[in-house]
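Heads up, the thing below is written out as structure tokens.
Values reported hereafter were calculated over all heavy atoms of this structure, with side chains retained and with hydrogens, waters and symmetry mates removed. Source: prediction; values computed, not measured.
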Amino acid sequence: MDFIELKDNAEKELEKIAKSSELKSFFDKYLGKKGEIRQLFSLVKELTEEEKKKLGQEVNEFARNLEEKIAELEKEIRRKEVETEEGSQSLDVSLSNEKIETGHLNPLTLTRREMERIFELMGFSVVDGPEVEDEWHNFDSLNIPEGHPARDALSLGKTYYLKNGNVLRTQTSSAQTRYMQAMTPPIRIVIPGKVYRYETTDASHEINFYQIEGLLIDKDVSVANLKAVLRIFLEEFFEREVEIRLRPSYFPFTEPSFEVDMLCTVCDGKGCSACKRSGWVEILGAGMVHPNVIKNGKLNPKKWKGFAFGMAIDRLAMMKYKINDVRLFHSGNLKFLKQF
Ligand code: DAH
């Protein structure tokens with residue numbers, strides 16, 4: 001084959017190539033060690049110096065040109081192949097590394113999962129309760145009698161009532177008696193989930209937020225156990241030493257009831273704007289389960305005791321990630337979400 005013929009053939013063949021396997025044989029045929037172009041050089045010997053030089057230059061240029069074309073075609077073929085079944089099975093590390101947008105978990109999800117992980121390590125099971133509740137589970141069973149302000153839809157109680165008489169649960173406590181009835185003690189559960197309150201939103205109030213409820217029922221349970229579980233949980237959650245205090249409070253479903261405060265982690269109790277100069281931050285509500293609630297759970301309060309606690313996941317997420325407005329969680333604001 002002379003040079004003109006070779007050039008012609010090569011160009012025609014190249015045009016028809018559609019697979020990388022064909023491209024490889026093409027490369028071998030022309031540019032390979034025993035390829036046509038090499039063979040051309042062996043003919044060159046018979047030419048004059050002048051002709052040798054001229055042809056050599058031309059052939060070299062042609063070879064370089066051909067290599068470029070092959071490389072270009074290869075990229076194109078690979079791109080097409082990756083789109084098809086055959087090609088997508090192999091990973092092409094030479095493809096462009098344009099950044100691919102990945103999704104982010106909402107900090108509330110991250111916080112909930114972290115809480116679940118810690119409670120599971122402490123022997124609690126993670127369980128679920130319905131968001132649409134009947135009044136009995138959300139109120140009556142929890143020793144919240146009719147006429148109690150917490151039941152009032154428009155004033156203090158902030159309850160969303162549905163037309164069929166059910167409510168959107170205002171607290172995850174509503175699942176307490178469900179599990180008491182369904183399980184045989186000892187019971188150790190946490191119930192994370194969404195709760196609803198009819199109220200004006202601001203930086204620290206949402207009509208829709210998340211709580212995690214804890215319930216432990218056993219024979220010999222004391223406030224000291226409650227305090228220990230909460231302190232260990234908070235230390236693991238905040239990854240630091242934590243000091244807590246129980247302040248007497250009132251919840252209809254616990255007796256005694258407590259508000260649990262944590263020594264402010266920003267100022268270590270000295271008093272700063274984060275703790276409103278008090279040195280303490282309110283974290284959650286808790287107490288020893290009221291005998292009436294145990295009865296409503298179809299257990300014998302003479303035999304079984306327990307403690308319960310409930311905290312807002314949103315609030316703990318705000319503390320952990322230093323977020324100053326609860327409304328950001330549901331804002332869909334990508335600038336906010338991309339940080340997590
Ligand atoms: N359900 C209460 C609330 O929504 C929080 C709470 C307080 C839960 C005391 C408890 C508890 O289990 O013992 O504010």
Side-chain angles (χ1 to χ4, degrees), residues 106-113 115-116 126-182 189-215 249-254 257 259-260 282-287 289-290 292-293 296-297 308-319 323-333 336-337:
N106 191 289
L108 288 176
T109 307
L110 295 170
T111 306
R112 175 179 53 75
R113 287 188 182 174
M115 290 175 157
E116 290 174 1
V126 180
V127 296
D128 209 6
E131 282 176 36
V132 174
E133 266 294 8
D134 52 74
E135 284 195 274
W136 191 81
H137 283 99
N138 197 69
F139 298 123
D140 302 69
S141 80
L142 292 167
N143 206 30
I144 307 173
E146 228 171 291
H148 192 283
R151 293 179 72 130
D152 189 335
L154 294 171
S155 64
L156 289 169
K158 310 165 179 174
T159 308
Y160 281 106
Y161 281 88
L162 304 179
K163 279 189 180 147
N164 64 6
N166 284 338
V167 299
L168 296 179
R169 69 174 169 198
T170 59
Q171 48 187 354
T172 45
S173 311
S174 62
Q176 280 192 19
T177 48
R178 286 184 179 277
Y179 283 98
M180 283 185 214
Q181 289 185 13
I189 53 172
V190 287
I191 312 147
K194 216 183 243 180
V195 299
Y196 301 80
R197 302 227 178 137
Y198 178 79
E199 60 190 340
T200 313
T201 59
D202 61 27
S204 46
H205 294 88
E206 259 287 15
I207 56 165
N208 196 204
F209 62 100
Y210 290 81
Q211 285 188 334
I212 187 163
E213 188 81 11
L215 177 70
S249 183
Y250 171 74
F251 297 104
F253 33 91
T254 42
S257 300
E259 211 76 65
V260 181
E282 194 183 306
I283 301 271
L284 60 104
V289 182
H290 196 290
N292 286 350
V293 178
N296 290 331
F309 55 86
M311 61 188 127
I313 296 178
D314 306 46
R315 185 164 164 67
L316 270 89
M318 287 169 81
M319 290 175 71
I323 296 164
N324 59 12
D325 193 327
V326 70
R327 292 167 295 189
L328 281 165
F329 291 126
H330 300 297
S331 64
N333 180 338
F336 169 70
L337 291 171

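Rounded to the nearest 0.5 Å, atoms NZ (Lys194) and CZ (Arg112) are 11.0 Å apart. Rounded to the nearest 0.5 Å, atoms NE2 (His205) and CG (Asp314) are 11.5 Å apart. Rounded to the nearest 0.5 Å, atoms CZ (Phe309) and OG (Ser173) are 11.0 Å apart. Atom OG1 of Thr111 and atom CD1 of Ile212 lie 10.5 Å apart (nearest 0.5 Å). With values rounded to the nearest 0.5 angstrom, Asn296 atom CG is found 13.0 Å from Phe253 atom CZ. With rounding to the nearest 0.5 angstrom, the CD1 atom of Ile144 is 11.0 Å from the CD atom of Glu135.
A donor-acceptor pair under 3.5 Å is absent between the side-chain atoms of Ser249 and the main chain of Glu259, judged by distance alone. Side-chain atoms of Gln211 never come within 3.5 Å of backbone atoms of Gly310 as a donor-acceptor pair (strictly under, hydrogens ignored). Of the possible donor and acceptor atoms, one in the side chain of Arg169 sits under 3.5 Å from a partner among the backbone N and O of Gly129. Between the Asn208 side chain and the Val195 main chain, a donor and an acceptor come within less than 3.5 Å of each other. For the pair Asn138 (side chain) and Ser174 (backbone), a donor-acceptor distance under 3.5 Å is absent.
Side-chain contact between Phe209 and Ile313: absent, with no pair of heavy atoms (C-beta onward) separated by less than 4.5 Å. Side-chain contact between Val132 and Leu168 is present, with heavy atoms from C-beta onward closer than 4.5 Å. Residues Gln171 and Leu142 have side chains in contact (heavy-atom distance under 4.5 Å, counting atoms from C-beta outward). Pro107 is listed as a side-chain neighbour of Leu337, based on a closest heavy-atom distance under 4.5 Å. The shortest distance between side-chain heavy atoms of Leu215 and Met180 falls below 4.5 Å. Between Tyr196 and Glu131, the closest side-chain pair of non-hydrogen atoms falls below 4.5 Å. Considering only heavy atoms from C-beta on, Thr170 stays 4.5 Å or farther from Lys158 through its side chain. Contact check for Thr159 versus Phe139: side-chain heavy atoms found under the 4.5 Å cut-off.
Across every non-hydrogen atom of Ile191 and Ala175, the tightest pair is CD1-CB, 3.8 Å. Heavy atoms only, all atoms of each residue included: Asn143 and Pro145 are closest at O-CD, 3.2 Å. Nearest approach of Thr177 to Val293, heavy atoms of both residues: CG2-O, 3.7 Å.
At a cut-off of 3.5 Å, with distance as the only test, a side-chain donor of Gln176 or Glu213 sits close to an acceptor on the other residue.
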Original post:
Would Val260 and Met311 satisfy side-chain contact (heavy atoms from CB on, under 4.5 Å), going step by step from the backbone distance to the final call?
Top reply: CA-CA 10 Å; Val260 181; Met311 61 188 127; over 6 Å; no
**OP:** Go through the steps to decide whether Leu328 and Met318 satisfy the test side-chain contact (heavy atoms from CB on, under 4.5 Å), and finish with yes or no.
**Re:** CA-CA 10 Å; Leu328 281 165; Met318 287 169 81; over 6 Å; no
